[in-house]
*Asks:* 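Got a structure here, written out as C-alpha coordinates. Questions coming.
Convention: sequence-line order gives letters A, B, ...; per-chain numbering from 1. Every heavy atom of this structure was used, including side-chain atoms; hydrogens, water molecules and symmetry mates were not.
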2 protein chains.
Amino acid sequence: MTAPMDSAHVFVVDDDGAIREALSSLFRSMGFDVRSFSTAMEFMAHDLPDLPSCLVLDIRLPLISGLEFQSQLARQNIHIPIIFMTGHGDIPMSVRAMKAGAVDFLTKPFRDQDMLDAVASAISFDRSRRLDEKSLLSLRERYSTLSPREQEVMAHVTSGLLNKQIAGKMSLSEITIKIHRGHAMKKMQARSLADLVTMARSLGLSHNGP
Amino acid sequence: MTAPMDSAHVFVVDDDGAIREALSSLFRSMGFDVRSFSTAMEFMAHDLPDLPSCLVLDIRLPLISGLEFQSQLARQNIHIPIIFMTGHGDIPMSVRAMKAGAVDFLTKPFRDQDMLDAVASAISFDRSRRLDEKSLLSLRERYSTLSPREQEVMAHVTSGLLNKQIAGKMSLSEITIKIHRGHAMKKMQARSLADLVTMARSLGLSHNGP
DNA sequence: TGTCGGCCTATACCTTGGTATAGGGTTCCC
DNA sequence: GGGAACCCTATACCAAGGTATAGGCCGACA
(Lines give C-alpha, C1' and ligand atoms only; values in the text may rest on other atoms or scores of the structure.)
Protein backbone atom coordinates (compact mmCIF):
# COMPACT_ATOMS: atom_id res chain seq x y z
CA MET A 1 0.00 0.00 0.00
CA THR A 2 2.34 2.65 1.32
CA ALA A 3 5.29 1.29 -0.63
CA PRO A 4 6.59 3.94 -2.99
CA MET A 5 9.06 3.06 -5.71
CA ASP A 6 11.88 2.67 -3.18
CA SER A 7 15.15 2.76 -5.06
CA ALA A 8 15.58 -0.57 -6.82
CA HIS A 9 18.87 -1.83 -8.18
CA VAL A 10 19.63 -3.33 -11.55
CA PHE A 11 22.93 -5.10 -12.05
CA VAL A 12 24.20 -5.58 -15.57
CA VAL A 13 26.86 -8.10 -16.42
CA ASP A 14 28.06 -8.13 -20.02
CA ASP A 15 31.52 -8.08 -21.48
CA ASP A 16 30.45 -5.73 -24.24
CA GLY A 17 31.02 -2.19 -23.05
CA ALA A 18 28.61 -0.70 -25.56
CA ILE A 19 25.78 -2.84 -24.29
CA ARG A 20 26.60 -2.03 -20.68
CA GLU A 21 26.43 1.65 -21.56
CA ALA A 22 23.17 1.35 -23.44
CA LEU A 23 21.44 -0.69 -20.76
CA SER A 24 22.74 1.49 -17.96
CA SER A 25 21.34 4.60 -19.50
CA LEU A 26 18.08 2.85 -20.32
CA PHE A 27 17.57 1.66 -16.76
CA ARG A 28 18.74 4.91 -15.23
CA SER A 29 16.23 6.79 -17.31
CA MET A 30 13.57 4.67 -15.64
CA GLY A 31 14.78 5.63 -12.18
CA PHE A 32 16.70 2.49 -11.34
CA ASP A 33 20.01 2.48 -9.57
CA VAL A 34 22.37 0.71 -11.97
CA ARG A 35 25.72 -1.01 -11.52
CA SER A 36 27.41 -2.69 -14.43
CA PHE A 37 30.22 -5.21 -14.61
CA SER A 38 32.08 -6.97 -17.37
CA THR A 39 32.51 -10.27 -15.51
CA ALA A 40 30.68 -12.39 -12.97
CA MET A 41 33.66 -12.11 -10.64
CA GLU A 42 33.39 -8.36 -10.53
CA PHE A 43 29.72 -8.63 -9.73
CA MET A 44 30.40 -11.08 -6.92
CA ALA A 45 32.96 -8.72 -5.41
CA HIS A 46 30.26 -6.09 -5.11
CA ASP A 47 28.09 -6.02 -2.02
CA LEU A 48 24.45 -6.65 -2.72
CA PRO A 49 22.17 -3.98 -1.26
CA ASP A 50 19.27 -4.95 0.93
CA LEU A 51 16.84 -3.65 -1.66
CA PRO A 52 14.74 -5.05 -4.47
CA SER A 53 17.12 -5.79 -7.29
CA CYS A 54 17.69 -7.95 -10.32
CA LEU A 55 20.50 -9.16 -12.50
CA VAL A 56 20.68 -8.72 -16.26
CA LEU A 57 23.13 -11.26 -17.49
CA ASP A 58 24.68 -12.11 -20.82
CA ILE A 59 24.72 -15.86 -21.19
CA ARG A 60 28.18 -15.86 -22.73
CA LEU A 61 30.60 -14.48 -20.19
CA PRO A 62 34.35 -14.67 -19.81
CA LEU A 63 35.56 -17.66 -17.77
CA ILE A 64 32.14 -18.85 -16.68
CA SER A 65 28.88 -19.26 -18.56
CA GLY A 66 25.77 -17.42 -17.48
CA LEU A 67 24.06 -20.71 -16.73
CA GLU A 68 26.89 -21.87 -14.52
CA PHE A 69 26.84 -18.56 -12.76
CA GLN A 70 23.12 -18.96 -12.20
CA SER A 71 23.52 -22.29 -10.47
CA GLN A 72 26.48 -20.99 -8.54
CA LEU A 73 24.31 -18.21 -7.13
CA ALA A 74 21.62 -20.73 -6.29
CA ARG A 75 24.11 -22.91 -4.44
CA GLN A 76 25.12 -19.88 -2.40
CA ASN A 77 21.50 -19.12 -1.66
CA ILE A 78 21.60 -15.82 -3.45
CA HIS A 79 18.12 -15.36 -4.82
CA ILE A 80 18.42 -12.31 -7.03
CA PRO A 81 16.12 -12.74 -10.04
CA ILE A 82 17.95 -13.11 -13.33
CA ILE A 83 17.17 -11.90 -16.83
CA PHE A 84 19.32 -13.50 -19.49
CA MET A 85 20.41 -11.98 -22.78
CA THR A 86 21.98 -13.87 -25.61
CA GLY A 87 23.23 -13.31 -29.10
CA HIS A 88 23.89 -16.91 -30.03
CA GLY A 89 22.00 -19.02 -27.54
CA ASP A 90 19.97 -22.09 -28.31
CA ILE A 91 16.71 -23.55 -27.05
CA PRO A 92 18.16 -26.02 -24.53
CA MET A 93 20.05 -23.15 -22.95
CA SER A 94 16.93 -21.04 -22.59
CA VAL A 95 14.94 -23.96 -21.23
CA ARG A 96 17.57 -24.77 -18.67
CA ALA A 97 17.70 -21.14 -17.61
CA MET A 98 13.94 -20.85 -17.27
CA LYS A 99 13.69 -24.14 -15.39
CA ALA A 100 16.28 -22.83 -12.98
CA GLY A 101 14.04 -19.89 -12.29
CA ALA A 102 15.16 -17.17 -14.68
CA VAL A 103 12.60 -14.39 -15.09
CA ASP A 104 13.18 -14.00 -18.81
CA PHE A 105 15.56 -14.91 -21.59
CA LEU A 106 15.89 -12.30 -24.31
CA THR A 107 17.59 -12.69 -27.64
CA LYS A 108 19.67 -9.81 -28.97
CA PRO A 109 18.65 -7.58 -30.42
CA PHE A 110 15.62 -7.05 -28.20
CA ARG A 111 13.20 -4.19 -27.90
CA ASP A 112 13.92 -1.84 -25.01
CA GLN A 113 10.37 -2.28 -23.84
CA ASP A 114 10.72 -6.04 -23.56
CA MET A 115 13.76 -5.59 -21.36
CA LEU A 116 12.02 -2.99 -19.23
CA ASP A 117 9.01 -5.24 -18.80
CA ALA A 118 11.25 -8.08 -17.71
CA VAL A 119 13.09 -5.88 -15.23
CA ALA A 120 9.87 -4.48 -13.80
CA SER A 121 8.52 -7.96 -13.29
CA ALA A 122 11.79 -9.14 -11.75
CA ILE A 123 11.94 -6.21 -9.35
CA SER A 124 8.37 -6.68 -8.28
CA PHE A 125 9.01 -10.36 -7.74
CA ASP A 126 12.10 -9.64 -5.68
CA ARG A 127 10.28 -7.04 -3.64
CA SER A 128 7.64 -9.47 -2.50
CA ARG A 129 10.18 -12.24 -1.98
CA ARG A 130 12.12 -9.91 0.29
CA LEU A 131 9.04 -9.07 2.29
CA ASP A 132 8.24 -12.75 2.74
CA GLU A 133 11.79 -13.54 3.70
CA LYS A 134 11.98 -10.72 6.18
CA SER A 135 8.87 -11.80 8.02
CA LEU A 136 9.98 -15.42 7.99
CA LEU A 137 13.34 -14.40 9.38
CA SER A 138 11.81 -12.47 12.23
CA LEU A 139 9.57 -15.43 12.92
CA ARG A 140 12.52 -17.79 13.07
CA GLU A 141 14.36 -15.39 15.32
CA ARG A 142 11.52 -15.34 17.79
CA TYR A 143 11.15 -19.11 17.55
CA SER A 144 14.83 -19.59 18.36
CA THR A 145 14.32 -17.89 21.71
CA LEU A 146 11.94 -20.66 22.80
CA SER A 147 13.42 -23.24 25.10
CA PRO A 148 13.31 -26.85 23.79
CA ARG A 149 10.30 -27.63 25.95
CA GLU A 150 8.49 -24.56 24.75
CA GLN A 151 9.13 -25.49 21.14
CA GLU A 152 7.84 -28.97 21.81
CA VAL A 153 4.69 -27.68 23.45
CA MET A 154 4.15 -25.17 20.67
CA ALA A 155 4.27 -27.94 18.08
CA HIS A 156 1.68 -29.97 19.96
CA VAL A 157 -0.56 -27.01 20.65
CA THR A 158 -0.58 -25.92 17.04
CA SER A 159 -1.36 -29.41 15.90
CA GLY A 160 -4.57 -29.19 17.88
CA LEU A 161 -3.92 -31.18 21.04
CA LEU A 162 -5.44 -30.22 24.37
CA ASN A 163 -3.14 -29.28 27.23
CA LYS A 164 -4.20 -32.47 28.95
CA GLN A 165 -3.22 -34.60 25.96
CA ILE A 166 0.11 -32.86 25.60
CA ALA A 167 0.78 -33.45 29.28
CA GLY A 168 0.12 -37.14 28.75
CA LYS A 169 2.33 -37.32 25.70
CA MET A 170 5.21 -35.55 27.42
CA SER A 171 4.61 -37.19 30.79
CA LEU A 172 4.28 -33.83 32.47
CA SER A 173 1.58 -32.18 34.51
CA GLU A 174 -0.99 -30.05 32.79
CA ILE A 175 0.05 -26.91 34.65
CA THR A 176 3.56 -27.19 33.26
CA ILE A 177 2.14 -27.33 29.77
CA LYS A 178 0.16 -24.21 30.47
CA ILE A 179 3.31 -22.40 31.56
CA HIS A 180 5.30 -23.43 28.50
CA ARG A 181 2.36 -22.57 26.31
CA GLY A 182 2.05 -19.14 27.84
CA HIS A 183 5.76 -18.52 27.36
CA ALA A 184 5.58 -19.64 23.75
CA MET A 185 2.70 -17.24 23.09
CA LYS A 186 4.59 -14.35 24.67
CA LYS A 187 7.91 -15.04 23.00
CA MET A 188 6.32 -15.57 19.60
CA GLN A 189 4.27 -12.41 20.11
CA ALA A 190 1.16 -14.32 19.15
CA ARG A 191 -2.04 -12.51 20.05
CA SER A 192 -4.20 -15.58 19.72
CA LEU A 193 -4.01 -19.30 19.17
CA ALA A 194 -4.97 -18.71 15.55
CA ASP A 195 -1.90 -16.53 15.25
CA LEU A 196 0.33 -19.20 16.69
CA VAL A 197 -1.07 -21.83 14.36
CA THR A 198 -0.34 -19.62 11.37
CA MET A 199 3.18 -19.01 12.59
CA ALA A 200 3.75 -22.70 13.10
CA ARG A 201 2.69 -23.38 9.54
CA SER A 202 5.03 -20.71 8.20
CA LEU A 203 7.82 -22.29 10.22
CA GLY A 204 7.01 -25.69 8.77
CA LEU A 205 5.98 -27.14 12.11
CA SER A 206 3.04 -29.07 10.68
CA HIS A 207 2.84 -32.65 11.84
CA ASN A 208 -0.44 -33.42 10.15
CA GLY A 209 -0.14 -37.14 9.78
CA PRO A 210 -2.43 -39.99 10.79
CA MET B 1 2.58 -43.47 1.09
CA THR B 2 0.33 -46.22 -0.15
CA ALA B 3 0.24 -44.78 -3.67
CA PRO B 4 1.53 -47.32 -6.14
CA MET B 5 2.16 -46.35 -9.72
CA ASP B 6 -1.57 -45.94 -10.37
CA SER B 7 -2.09 -45.95 -14.08
CA ALA B 8 -0.99 -42.59 -15.41
CA HIS B 9 -1.94 -41.27 -18.80
CA VAL B 10 0.25 -39.69 -21.44
CA PHE B 11 -1.41 -37.87 -24.31
CA VAL B 12 0.59 -37.32 -27.47
CA VAL B 13 -0.40 -34.75 -30.05
CA ASP B 14 1.71 -34.65 -33.20
CA ASP B 15 0.74 -34.64 -36.84
CA ASP B 16 3.61 -36.96 -37.73
CA GLY B 17 2.35 -40.53 -37.52
CA ALA B 18 5.81 -41.99 -37.17
CA ILE B 19 6.53 -39.90 -34.14
CA ARG B 20 3.19 -40.77 -32.58
CA GLU B 21 4.01 -44.43 -33.05
CA ALA B 22 7.50 -44.14 -31.65
CA LEU B 23 6.44 -42.15 -28.59
CA SER B 24 3.44 -44.36 -27.93
CA SER B 25 5.53 -47.45 -27.82
CA LEU B 26 8.17 -45.73 -25.73
CA PHE B 27 5.65 -44.61 -23.12
CA ARG B 28 3.75 -47.87 -23.17
CA SER B 29 6.95 -49.76 -22.49
CA MET B 30 7.27 -47.70 -19.34
CA GLY B 31 3.81 -48.69 -18.16
CA PHE B 32 1.92 -45.56 -19.12
CA ASP B 33 -1.50 -45.54 -20.64
CA VAL B 34 -1.08 -43.71 -23.95
CA ARG B 35 -3.51 -41.95 -26.28
CA SER B 36 -2.26 -40.20 -29.36
CA PHE B 37 -3.86 -37.65 -31.64
CA SER B 38 -2.82 -35.81 -34.75
CA THR B 39 -4.59 -32.55 -33.90
CA ALA B 40 -5.49 -30.51 -30.86
CA MET B 41 -9.15 -30.79 -31.79
CA GLU B 42 -9.05 -34.55 -31.58
CA PHE B 43 -7.44 -34.34 -28.19
CA MET B 44 -10.09 -31.93 -26.94
CA ALA B 45 -12.82 -34.28 -28.09
CA HIS B 46 -11.40 -36.93 -25.81
CA ASP B 47 -12.51 -37.10 -22.19
CA LEU B 48 -9.72 -36.48 -19.74
CA PRO B 49 -9.46 -39.19 -17.10
CA ASP B 50 -9.41 -38.30 -13.43
CA LEU B 51 -5.87 -39.59 -13.14
CA PRO B 52 -2.36 -38.17 -13.20
CA SER B 53 -1.58 -37.34 -16.78
CA CYS B 54 0.43 -35.10 -19.05
CA LEU B 55 0.41 -33.83 -22.58
CA VAL B 56 3.27 -34.21 -25.04
CA LEU B 57 2.72 -31.61 -27.68
CA ASP B 58 4.38 -30.69 -30.94
CA ILE B 59 4.63 -26.94 -31.13
CA ARG B 60 3.72 -26.88 -34.79
CA LEU B 61 0.24 -28.26 -35.17
CA PRO B 62 -2.36 -28.05 -37.91
CA LEU B 63 -4.73 -25.09 -37.55
CA ILE B 64 -3.52 -23.95 -34.15
CA SER B 65 -0.04 -23.55 -32.73
CA GLY B 66 1.04 -25.44 -29.66
CA LEU B 67 1.47 -22.18 -27.79
CA GLU B 68 -2.01 -21.04 -28.62
CA PHE B 69 -3.35 -24.37 -27.57
CA GLN B 70 -1.50 -24.04 -24.28
CA SER B 71 -3.13 -20.72 -23.49
CA GLN B 72 -6.47 -22.01 -24.65
CA LEU B 73 -6.23 -24.85 -22.13
CA ALA B 74 -5.25 -22.36 -19.44
CA ARG B 75 -8.28 -20.21 -20.23
CA GLN B 76 -10.48 -23.24 -19.84
CA ASN B 77 -8.84 -24.05 -16.51
CA ILE B 78 -7.46 -27.31 -17.76
CA HIS B 79 -4.25 -27.80 -15.88
CA ILE B 80 -2.65 -30.80 -17.53
CA PRO B 81 1.13 -30.34 -17.56
CA ILE B 82 2.62 -29.90 -21.01
CA ILE B 83 5.86 -31.05 -22.57
CA PHE B 84 6.62 -29.38 -25.88
CA MET B 85 8.55 -30.82 -28.79
CA THR B 86 9.81 -28.88 -31.72
CA GLY B 87 11.84 -29.36 -34.86
CA HIS B 88 12.12 -25.75 -35.88
CA GLY B 89 11.31 -23.71 -32.82
CA ASP B 90 13.14 -20.66 -31.63
CA ILE B 91 14.12 -19.25 -28.26
CA PRO B 92 11.24 -16.79 -27.81
CA MET B 93 8.84 -19.67 -28.39
CA SER B 94 10.49 -21.82 -25.76
CA VAL B 95 10.63 -18.94 -23.30
CA ARG B 96 6.97 -18.16 -23.78
CA ALA B 97 6.08 -21.81 -23.29
CA MET B 98 8.14 -22.14 -20.13
CA LYS B 99 6.78 -18.89 -18.72
CA ALA B 100 3.29 -20.21 -19.29
CA GLY B 101 4.16 -23.20 -17.14
CA ALA B 102 5.37 -25.86 -19.56
CA VAL B 103 7.27 -28.66 -17.87
CA ASP B 104 9.86 -28.96 -20.62
CA PHE B 105 10.60 -27.97 -24.16
CA LEU B 106 12.54 -30.54 -26.15
CA THR B 107 14.15 -30.08 -29.54
CA LYS B 108 13.93 -32.89 -32.05
CA PRO B 109 15.73 -35.13 -32.15
CA PHE B 110 15.82 -35.72 -28.42
CA ARG B 111 17.09 -38.63 -26.38
CA ASP B 112 14.38 -41.01 -25.22
CA GLN B 113 15.65 -40.63 -21.71
CA ASP B 114 15.17 -36.87 -21.75
CA MET B 115 11.57 -37.31 -22.80
CA LEU B 116 10.97 -39.97 -20.16
CA ASP B 117 12.47 -37.77 -17.48
CA ALA B 118 10.22 -34.92 -18.51
CA VAL B 119 7.15 -37.15 -18.49
CA ALA B 120 8.01 -38.60 -15.11
CA SER B 121 8.40 -35.16 -13.66
CA ALA B 122 5.17 -33.96 -15.26
CA ILE B 123 3.21 -36.93 -13.95
CA SER B 124 4.55 -36.53 -10.47
CA PHE B 125 3.69 -32.85 -10.58
CA ASP B 126 0.18 -33.58 -11.76
CA ARG B 127 -0.30 -36.23 -9.13
CA SER B 128 0.41 -33.85 -6.29
CA ARG B 129 -1.58 -31.08 -7.92
CA ARG B 130 -4.55 -33.42 -8.09
CA LEU B 131 -4.22 -34.35 -4.45
CA ASP B 132 -4.12 -30.68 -3.46
CA GLU B 133 -7.07 -29.88 -5.64
CA LYS B 134 -9.09 -32.76 -4.33
CA SER B 135 -8.64 -31.76 -0.72
CA LEU B 136 -9.35 -28.13 -1.50
CA LEU B 137 -12.51 -29.14 -3.30
CA SER B 138 -13.78 -31.18 -0.39
CA LEU B 139 -12.96 -28.27 1.88
CA ARG B 140 -14.95 -25.87 -0.25
CA GLU B 141 -17.82 -28.31 -0.36
CA ARG B 142 -18.00 -28.48 3.41
CA TYR B 143 -17.63 -24.72 3.66
CA SER B 144 -20.54 -24.19 1.33
CA THR B 145 -22.84 -26.01 3.76
CA LEU B 146 -22.24 -23.32 6.39
CA SER B 147 -25.01 -20.78 6.78
CA PRO B 148 -23.99 -17.14 6.17
CA ARG B 149 -23.77 -16.46 9.89
CA GLU B 150 -21.68 -19.55 10.45
CA GLN B 151 -19.28 -18.48 7.72
CA GLU B 152 -19.04 -15.05 9.28
CA VAL B 153 -18.32 -16.45 12.70
CA MET B 154 -15.78 -18.87 11.30
CA ALA B 155 -13.87 -16.02 9.69
CA HIS B 156 -13.75 -14.11 12.94
CA VAL B 157 -12.84 -17.13 15.03
CA THR B 158 -9.98 -18.11 12.74
CA SER B 159 -8.66 -14.58 12.75
CA GLY B 160 -8.19 -14.92 16.49
CA LEU B 161 -11.08 -13.04 18.02
CA LEU B 162 -12.71 -14.14 21.25
CA ASN B 163 -16.37 -15.13 21.22
CA LYS B 164 -17.07 -12.01 23.24
CA GLN B 165 -15.39 -9.78 20.68
CA ILE B 166 -17.18 -11.44 17.80
CA ALA B 167 -20.46 -10.96 19.60
CA GLY B 168 -19.68 -7.26 19.93
CA LYS B 169 -18.69 -6.94 16.31
CA MET B 170 -21.82 -8.69 15.08
CA SER B 171 -24.08 -7.17 17.73
CA LEU B 172 -25.18 -10.57 18.93
CA SER B 173 -25.03 -12.34 22.25
CA GLU B 174 -22.06 -14.50 23.07
CA ILE B 175 -24.11 -17.65 23.31
CA THR B 176 -25.26 -17.25 19.74
CA ILE B 177 -21.64 -17.03 18.63
CA LYS B 178 -20.90 -20.23 20.50
CA ILE B 179 -23.71 -21.98 18.68
CA HIS B 180 -22.58 -20.84 15.23
CA ARG B 181 -19.02 -21.68 16.14
CA GLY B 182 -19.95 -25.16 17.21
CA HIS B 183 -21.91 -25.71 14.02
CA ALA B 184 -18.99 -24.48 11.93
CA MET B 185 -16.64 -26.90 13.67
CA LYS B 186 -19.02 -29.82 13.09
CA LYS B 187 -19.80 -29.00 9.48
CA MET B 188 -16.16 -28.40 8.60
CA GLN B 189 -15.24 -31.61 10.43
CA ALA B 190 -12.55 -29.74 12.31
CA ARG B 191 -11.24 -31.61 15.30
CA SER B 192 -9.64 -28.58 16.86
CA LEU B 193 -9.39 -24.84 16.49
CA ALA B 194 -5.96 -25.32 14.95
CA ASP B 195 -7.63 -27.45 12.31
CA LEU B 196 -10.19 -24.78 11.58
CA VAL B 197 -7.52 -22.11 11.28
CA THR B 198 -5.63 -24.20 8.78
CA MET B 199 -8.78 -24.80 6.78
CA ALA B 200 -9.59 -21.10 6.78
CA ARG B 201 -6.15 -20.34 5.40
CA SER B 202 -6.54 -22.93 2.65
CA LEU B 203 -9.87 -21.37 1.79
CA GLY B 204 -8.29 -17.93 1.64
CA LEU B 205 -10.28 -16.57 4.58
CA SER B 206 -7.33 -14.67 6.04
CA HIS B 207 -8.08 -11.13 7.06
CA ASN B 208 -4.66 -10.40 8.50
CA GLY B 209 -4.50 -6.65 8.26
CA PRO B 210 -3.26 -4.05 10.74
C1' DT C 1 30.51 -20.40 45.79
C1' DG C 2 26.58 -18.03 44.34
C1' DT C 3 23.46 -17.01 40.94
C1' DC C 4 20.98 -17.32 36.81
C1' DG C 5 18.08 -19.71 33.58
C1' DG C 6 15.60 -23.52 32.34
C1' DC C 7 12.57 -26.86 34.04
C1' DC C 8 8.83 -29.00 36.82
C1' DT C 9 5.08 -28.79 40.14
C1' DA C 10 1.27 -27.07 43.08
C1' DT C 11 -2.78 -24.20 44.84
C1' DA C 12 -5.96 -20.86 43.87
C1' DC C 13 -8.76 -18.18 41.10
C1' DC C 14 -10.80 -16.35 37.08
C1' DT C 15 -11.95 -16.31 32.08
C1' DT C 16 -13.22 -18.59 28.07
C1' DG C 17 -15.07 -22.39 25.43
C1' DG C 18 -18.60 -25.92 24.59
C1' DT C 19 -22.95 -28.16 24.92
C1' DA C 20 -27.55 -29.50 26.33
C1' DT C 21 -32.15 -27.94 26.96
C1' DA C 22 -35.66 -24.83 25.95
C1' DG C 23 -37.54 -21.26 24.15
C1' DG C 24 -38.68 -17.37 20.58
C1' DG C 25 -38.79 -15.48 15.82
C1' DT C 26 -38.59 -15.40 10.47
C1' DT C 27 -38.98 -17.05 5.57
C1' DC C 28 -39.76 -20.34 2.11
C1' DC C 29 -42.11 -24.15 0.24
C1' DC C 30 -45.20 -28.19 -0.05
C1' DG D 1 -51.50 -24.86 7.78
C1' DG D 2 -47.36 -27.43 8.84
C1' DG D 3 -42.62 -28.43 8.36
C1' DA D 4 -37.87 -27.14 7.65
C1' DA D 5 -34.06 -24.25 7.90
C1' DC D 6 -32.06 -20.45 9.58
C1' DC D 7 -31.57 -17.19 13.16
C1' DC D 8 -31.42 -15.39 17.98
C1' DT D 9 -31.52 -15.84 23.06
C1' DA D 10 -31.37 -17.75 27.85
C1' DT D 11 -30.10 -20.79 31.92
C1' DA D 12 -27.19 -24.08 33.65
C1' DC D 13 -23.28 -26.73 33.96
C1' DC D 14 -18.85 -28.55 32.96
C1' DA D 15 -14.31 -28.60 30.60
C1' DA D 16 -10.44 -26.15 29.19
C1' DG D 17 -7.40 -22.14 29.07
C1' DG D 18 -4.63 -18.64 31.49
C1' DT D 19 -2.15 -16.41 35.19
C1' DA D 20 -0.29 -15.27 39.69
C1' DT D 21 2.23 -16.87 43.60
C1' DA D 22 5.34 -19.97 45.43
C1' DG D 23 8.59 -23.50 45.75
C1' DG D 24 12.21 -27.23 44.40
C1' DC D 25 15.73 -29.27 41.15
C1' DC D 26 19.47 -28.97 38.06
C1' DG D 27 23.52 -27.44 35.24
C1' DA D 28 26.31 -23.66 33.49
C1' DC D 29 29.14 -20.00 34.39
C1' DA D 30 31.59 -16.30 36.61
Side-chain angles (χ1 to χ4, degrees), chain A residues 138-203 205-208, chain B residues 138-203 205-208:
Chain A
S138 110
L139 214 54
R140 273 204 262 261
E141 203 163 314
R142 275 173 280 160
Y143 183 67
S144 73
T145 68
L146 300 199
S147 73
R149 287 305 214 181
E150 286 160 0
Q151 294 187 355
E152 206 174 339
V153 169
M154 173 173 167
H156 286 132
V157 165
T158 54
S159 82
L161 295 184
L162 302 180
N163 289 343
K164 193 187 296 189
Q165 299 172 306
I166 302 172
K169 223 170 235 214
M170 295 175 64
S171 302
L172 296 177
S173 77
E174 196 179 338
I175 182 74
T176 305
I177 304 302
K178 289 185 181 181
I179 301 292
H180 288 324
R181 180 176 181 154
H183 288 164
M185 292 288 288
K186 270 204 183 59
K187 290 187 181 176
M188 295 303 291
Q189 294 166 34
R191 290 141 62 97
S192 64
L193 177 56
D195 246 34
L196 198 70
V197 171
T198 302
M199 292 178 184
R201 289 199 68 76
S202 297
L203 288 167
L205 265 53
S206 49
H207 303 290
N208 296 340
Chain B
S138 112
L139 215 53
R140 274 203 261 260
E141 202 163 314
R142 276 173 279 160
Y143 183 68
S144 73
T145 69
L146 300 199
S147 74
R149 286 306 213 182
E150 286 160 358
Q151 294 187 355
E152 206 173 340
V153 168
M154 172 171 167
H156 286 133
V157 165
T158 54
S159 81
L161 295 184
L162 301 180
N163 289 342
K164 192 187 297 189
Q165 300 173 308
I166 302 172
K169 221 168 237 211
M170 295 175 64
S171 303
L172 296 177
S173 77
E174 196 180 335
I175 182 73
T176 305
I177 304 301
K178 288 185 181 182
I179 302 291
H180 289 323
R181 181 177 182 152
H183 287 165
M185 291 287 290
K186 269 205 183 56
K187 290 187 181 177
M188 295 303 291
Q189 294 165 34
R191 290 141 63 96
S192 64
L193 177 56
D195 246 35
L196 198 70
V197 171
T198 302
M199 292 178 183
R201 288 199 68 77
S202 297
L203 288 167
L205 266 55
S206 50
H207 302 291
N208 297 341

*Asks:* Does A:Leu172 reach the side chain of A:Glu152, with side-chain heavy atoms less than 4.5 Å apart?
*Replies:* no

*Asks:* How long is the line joining CG of A:Asp195 and P of D:dG18, in whole Å?
*Replies:* 13 Å

*Asks:* What is the minimum heavy-atom distance between A:Val153 and A:Ile166, and which atoms define it?
*Replies:*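 Here A:Val153 and A:Ile166 meet closest at O-CD1, 4.4 Å.
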
*Asks:* Whole-Å distance between D:dT19 P and A:Ile179 CD1?
*Replies:*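 Answer to the nearest Å: 9 Å.
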
*Asks:* Return the value, rounded to whole Å, for the distance between atom CG of A:Leu172 and atom P of C:dC8.
*Replies:* 5 Å

*Asks:* Could you state the NE2-P distance from A:His180 to C:dG5, rounded to the nearest angstrom?
*Replies:*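 Rounding to the nearest Å, NE2 of A:His180 and P of C:dG5 are 17 Å apart.
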
*Asks:* Expressed in angstrom and rounded to an integer, what is the separation of A:Leu193 atom CG from C:dT16 atom C1'?
*Replies:* 13 Å

*Asks:* Using whole Å, what does the distance between atom P of nucleotide C:dG5 and atom CG of A:Leu146 come to?
*Replies:*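 It works out to 17 Å between those atoms.
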
*Asks:* Do the side chains of A:Ile177 and A:Lys169 get nearer than 4.5 Å, heavy atoms only?
*Replies:* no

*Asks:* Taking 4.0 Å as the cut-off, does a side-chain nitrogen or oxygen of A:Lys164 come that near to OP1 or OP2 on D:dA15?
*Replies:*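 Checking D:dA15 against A:Lys164, no side-chain N or O comes under 4.0 Å of OP1 or OP2.
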
*Asks:* Among C:dG17, D:dG17, C:dA12, which is the nearest nucleotide to the side chain of A:Lys178?
*Replies:* D:dG17

*Asks:* Nearest to the side chain of B:Ile175, which nucleotide is it out of D:dC7, D:dT11, C:dG17?
*Replies:*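 The answer is D:dT11.
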
*Asks:* Rounded to whole angstroms, how far apart are CD on A:Glu174 and P on D:dG17?
*Replies:*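 After rounding, the gap between these two atoms is 7 Å.
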
*Asks:* For the backbone of A:Val197 and the side chain of A:Arg201, can you confirm whether one donor and one acceptor N or O come within less than 3.5 Å of each other?
*Replies:*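 Not a single qualifying donor-acceptor pair exists.
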
*Asks:* Out of the candidates A:His183, A:Lys186, A:His180, only one should pair with A:Glu150 under the side-chain hydrogen bond (donor to acceptor under 3.5 Å, both in side chains) rule; please name it.
*Replies:* A:His183

*Asks:* Under 4.0 Å, counting only non-hydrogen atoms across every strand here, what does A:Ser173 touch: a base, just sugar-phosphate, or nothing?
*Replies:* sugar-phosphate

*Asks:* Output yes when at least one side-chain N/O atom of B:Arg181 is less than 4.0 Å from OP1 or OP2 of C:dG18, else no.
*Replies:* yes

*Asks:* Indicate whether OP1 or OP2 belonging to D:dT9 is found under 4.0 Å from a side-chain N or O atom of B:Thr176.
*Replies:*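 Answer yes for this pair, as a side-chain N or O of B:Thr176 is under 4.0 Å from OP1 or OP2.
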
*Asks:* Using whole Å, what does the distance between atom C1' of nucleotide C:dG17 and atom CG of A:Asn163 come to?
*Replies:*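 Rounded to whole Å, this separation is 13 Å.
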
